[in-house]
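Data first, discussion second: the structure below is written as structure tokens.
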There are 2 protein chains.
Amino acid sequence: MAENGMSSSVGGEARLFLTDDQLRKGIEAMFFAYRGFTADPDRILTNYAYGRAHHRAIHFIKQAPGTSVNNLLSILGVTKQSLNRVLRTLIEDGLVESRVGTKDKRERHLFLTDSGVTLEAELSDAQRNRMRAAYREAGPEAVAGFRQVLEAMMDPELRRHYKPNKEGTS
Amino acid sequence: MAENGMSSSVGGEARLFLTDDQLRKGIEAMFFAYRGFTADPDRILTNYAYGRAHHRAIHFIKQAPGTSVNNLLSILGVTKQSLNRVLRTLIEDGLVESRVGTKDKRERHLFLTDSGVTLEAELSDAQRNRMRAAYREAGPEAVAGFRQVLEAMMDPELRRHYKPNKEGTS
DNA sequence: CTTGGAAAGTCAACAAGACTGACATAAAAT
DNA sequence: ATTTTATGTCAGTCTTGTTGACTTTCCAAG
């Protein structure tokens, strides 16, 4: 159904950027780029017997210190059981501290310890370096386009909570 | 080590697009966008008891019919053992055909069967629709930037074999 | 005050899909 | 003819996702 190689180029050459072939190239580029995007942190993580899931948890705890498990859950988009296993090892290893909520004792508030901050910095530095190189090579206008397309690709629900794109010209 | 929050904004406001904060936003956008990127095919795949790995295999077999297992391996960047499990189920289920090479009998050449083509179309249609919507919303210039940054993010090795970005202005 | 339900988090068991190691077969090289 | 290389397969383990069952805490209705 609708597989004739021209299903989206009916608008003529002004829409050349969304022919099926252009779309396919974008899809493949996304796949390959994501691999590069995660390659450096992944390499580092194996030295600590951690995985990508630990990186994500650490990243967002650093970003929102004191966040509840539930909040982290909705950001990461996994089940609480899955996140729990990761958090448990990070807490056992002393990278994350979990404090029982004062107002609501059901909640656990998460913080990075000093060791946690150190590992987060090592992982983020590696990932930022790759990102910075790509940004620098592509230039500011390409970066703006990159961010626009990425944001349009997110799930609408997430997008409403996220929307960090418009920053002032300051 | 170089963790002071301004490690890349020393060049002044002309380089605002690669401050650590901009980099972090890009990193998070990449993470969230990739989830959206795979969401629709993933949903479809559960109906067939397949996973993302099957999708990738089917995609690249469709793209390069008759490819050898080894070639597919280098594209997908996984071990042959991992790919083998996926290919075996696809062959058993009659979505992929594996023909022994005529010139070199060690090789297996892979093709999609009619059923394979059908599933590939269903998955690709879903993914292309999401991509098309994002492209349309962001516009042609943003798409060009998107592709530039993605390409710069790939591993250099892969990039040399891939490089599909320069197409004529026709 | 008690009770019953909702919410937050934990424990256990299972599945997908990566990985490494050991192995089989065909082709090529010596 | 024998060894080496290329290719593909089988078996077992690990990470990380899933669902289901459970505890603790909070809150609201009776």
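We name chains A, B, ... by the order of the sequence lines, and we start the count at 1 in each one.
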Closest heavy-atom pair, A:A57 versus A:L83, reported as atoms and distance to 0.1 Å, is CB-CD1, 4.4 Å
A:H55 atom NE2 is separated from D:dT16 atom C1', nearest whole Å, by 16 Å
Is the distance from OP1 or OP2 of C:dT10 to the nearest side-chain N or O of A:N84 less than 4.0 Å?
yes
Note: for A:S98 and B:R52 on DNA chain C, the residue whose nearest nucleotide lies more 5' is A:S98
Atom CD1 of B:I91 and atom P of D:dT9 are separated, to the nearest Å, by 7 Å
> Do the side-chain N or O atoms of B:N70 get closer than 4.0 angstrom to the phosphate oxygens (OP1, OP2) of D:dT7?
Replying inline: yes
Quiz prompt | N or O in side chain of B:T79 less than 4.0 angstrom from C:dC19 OP1/OP2 | solution = yes
Assign each of A:G101 and A:Y50 the nucleotide of DNA chain D bearing its closest heavy atom; nearer the 5' end lies the nucleotide of A:Y50
- Under 4.0 Å between a side-chain N or O of A:R106 and OP1 or OP2 of D:dC27? no
Between CG of A:N71 and C1' of C:dA8 the distance, given in whole Å, is 13 Å
### Message
I'd like to know if the side chain of A:H59 pairs up with that of A:Q127 as donor and acceptor (distance under 3.5 Å, no hydrogens or angles considered).
### Response
no
Per atom distances to the A:D104 side chain, the nearest of D:dG8, C:dA18, D:dT25 is D:dT25
Q. When you measure from the centre of the six-membered ring of B:F37, is the NZ or CZ of B:R130 under 6.0 Å away and within 45° of the axis?
A. no
B:H55 meets the ring pair (Phe, Tyr, Trp, His ring centres under 6.0 Å) criterion, sequence neighbours left out, with none
Closest to the 5' end of DNA chain D, once B:H109 and A:K103 are matched to their nearest nucleotides, is B:H109
Taken to the nearest whole Å, CZ/A:R108 to P/D:dT23 is 16 Å
With the side chain defined as heavy atoms from C-beta on, A:S68 is closest, among D:dG17, C:dA18, C:dG9, to C:dG9
Discussion item. So, does B:H54 get its side chain near the phosphate of C:dG17, meaning an N or O under 4.0 Å from OP1 or OP2?
Written reply: yes
For this session: Ignoring backbone atoms, test whether B:R56 places a side-chain nitrogen or oxygen under 4.0 Å from the OP1 or OP2 oxygen of C:dA18.
Result: yes
Rounded to whole Å, CG of A:L45 lies from C1' of C:dC19 at a distance of 16 Å
B:L76 atom CG is separated from C:dG17 atom C1', nearest whole Å, by 13 Å
Whole-Å distance, B:E107 CD to C:dA26 P, equals 15 Å
Check this for me, if you would: do A:E151 and A:R147 make a salt bridge, where the nitrogen-to-carboxylate-oxygen distance has to be below 4.0 angstrom?
no
| task | Return yes if the base of D:dG20 and the side-chain atoms of A:Q81 contain a donor-acceptor N/O pair under 3.5 Å, otherwise no. | result | yes
From CG of B:L87 across to C1' of D:dC10 the rounded distance in Å is 15 Å
**Asked** Hey, are B:K25 and B:D21 close enough for a salt bridge, meaning a charged N less than 4.0 Å from a carboxylate O?
**Response** yes
> On a plain distance test, is the side chain of B:R85 in donor-acceptor contact with the base of C:dA18 below 3.5 Å?
Replying inline: yes
Heavy-atom nearest nucleotide on DNA chain C taken for B:L83 and for B:K80; more 5' hit belongs to B:L83
